[in-house]
Amino acid sequence: PSFATTARSIALGGTMTSMADDASTAFWNPSGLPLLQRQEVAFSYADRFGLGIKSSYAAYVFPMFERHAIGLTWLRESFGDDELTDAFNLVSLSYGFQLHRALSVGIGLKTAFQSIDLDGESLRSASGTGADVGIVFAPKGSGFGRFKFGLTLQDIGGTKLTDNTTQFEEEILEQTVRGGISAQVHQDFTLGVDIDNNDLHVGAEYQPLAALVLRGGLNRPFDPPSDADKTLAFALGFGLKWSSAQLDYAFEHHPVLPA
């Protein structure tokens, strides 16, 4: 996935639009918030591909009433060396409402910040705002009760940053439509598929033991560069559960980068 929110979302190849069943739904699809029916806190850190791209994520979900919930998220991606540092921060507030026992809707408002420094001097300081909307449909009938469907429109109209000094404006996050379907194939096995503007994502989750979850995911661009020999990215991971806590780990392989 383009952003590393949690180790679980990485291991599942980014197939989170319909799964929407943990704190990262505040980022991927805010309509999943009321489905949690519990408070949940998540923290994640990744050094993506071993190249010094640091990614940190934190989320908190709070159910206000039976069918209402809010979520707070913070995402930071940064890269730096002895001379240059580039940091991108995203803070969002999301709200989800369960319209019907099978249908939920949600909206998220976000603020983005970017700073670039060279030898301790600021080259760029910019900020902007954006918005997401989403729905989750989980039919309760016997024929489709194992399925969940999700749809999100992220960064409506494109999220733009404005330089605080020059007032130059540029789009940093393009508008993205994501659709997803997941199915509980077996009591302990869930399969998910996501499609967005550019990529196909496939992920699977298997729980052989009450305390252990195994995961795997793939993603591939629809229109890869003509000179690209390898275009398939994959990820593997696991989760260890104890009481109300869970520890997740993911390994992500990029088709081009050597790491």
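Nothing here was measured: the structure is a model prediction, and the numbers come from that model. Along the sequence shown, residues carry numbers from 1.
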Problem set entry | Flag, side chain of D132 to backbone of I107, donor-acceptor distance under 3.5 Å | no

Exercise. Quick one: CG on L240 to CG on L209, what's the gap to the nearest 0.5 Å?
Worked result: 10.5 Å

For this session: Check the side chains of E174 and N198 for a donor-acceptor pair under 3.5 angstrom, ignoring hydrogens and angles.
Result: yes

Problem set entry | Test item: side-chain donor near acceptor, T152 and N29, under 3.5 Å | no

Exercise. Side-chain heavy atoms under 4.5 angstrom apart, residues restricted to Ile, Leu, Val, Met, Phe, Trp, Tyr: same cluster for F113 and W74?
Worked result: no

Problem set entry | Donor-acceptor under 3.5 Å (S18 side chain, S182 main chain) | yes

Problem set entry | Note, K110 side chain near T73 side chain (heavy atom, < 4.5 Å) | no

Exercise. T231 side chain to R220 main-chain N or O, any donor-acceptor pair under 3.5 Å?
Worked result: no

For this session: Return the minimal non-hydrogen interatomic distance between S127 and N164, and the atom names on each side.
Result: OG-OD1, 3.6 Å

For this session: Say whether F62 and V41 are linked into one hydrophobic cluster, either directly or through other cluster members, by side-chain heavy-atom distances under 4.5 angstrom.
Result: yes

Problem set entry | Close side-chain approach of Y206 to P208, heavy-atom, < 4.5 Å | yes

Problem set entry | Interatomic spacing from CD in Q39 to OH in Y60 - rounded to 0.5 Å | 3.5 Å

Exercise. Within the side chain of H201, is there an N or O that forms a donor-acceptor pair under 3.5 Å with the backbone of G13?
Worked result: yes

Problem set entry | Note, F137 side chain near F147 side chain (heavy atom, < 4.5 Å) | no

For this session: Run the numbers on S104 and I135 for side chain to side chain contact (heavy atoms under 4.5 Å, CB included), then give the verdict.
Result: CA-CA 6 Å; S104 298; I135 62 172; over 6 Å; no

Exercise. Can you tell if the side chain of D194 reaches within under 4.5 Å of the side chain of R178, non-hydrogen atoms only?
Worked result: yes

Problem set entry | Hydrophobic cluster identity match, V213 and L247, side-chain contacts under 4.5 Å | no

Exercise. Are any of the side-chain nitrogens in D117 or R124 under 4.0 Å away from the carboxylate oxygens of its partner?
Worked result: no

Problem set entry | Under 3.5 Å side-chain donor-acceptor pair for T129 and T111 | no

Exercise. Among D86, I116, T85, which one satisfies side chain to side chain contact (heavy atoms under 4.5 Å, CB included) with L123?
Worked result: I116

Problem set entry | Neighbour count above 12 (heavy atom, 6.0 Å) for H186 NE2 | no

Exercise. Quick one: does E170's side chain have a donor or acceptor within less than 3.5 Å of a partner on K160's backbone?
Worked result: no

Exercise. Any luck finding a side-chain donor-acceptor pair between W28 and T5 under 3.5 Å?
Worked result: yes

For this session: May I ask you to decide if T6's main-chain N or O and R8's side chain share a donor-acceptor pair within less than 3.5 Å?
Result: no

Problem set entry | Check: M19 main-chain N/O paired with K148 side-chain donor or acceptor under 3.5 Å | yes

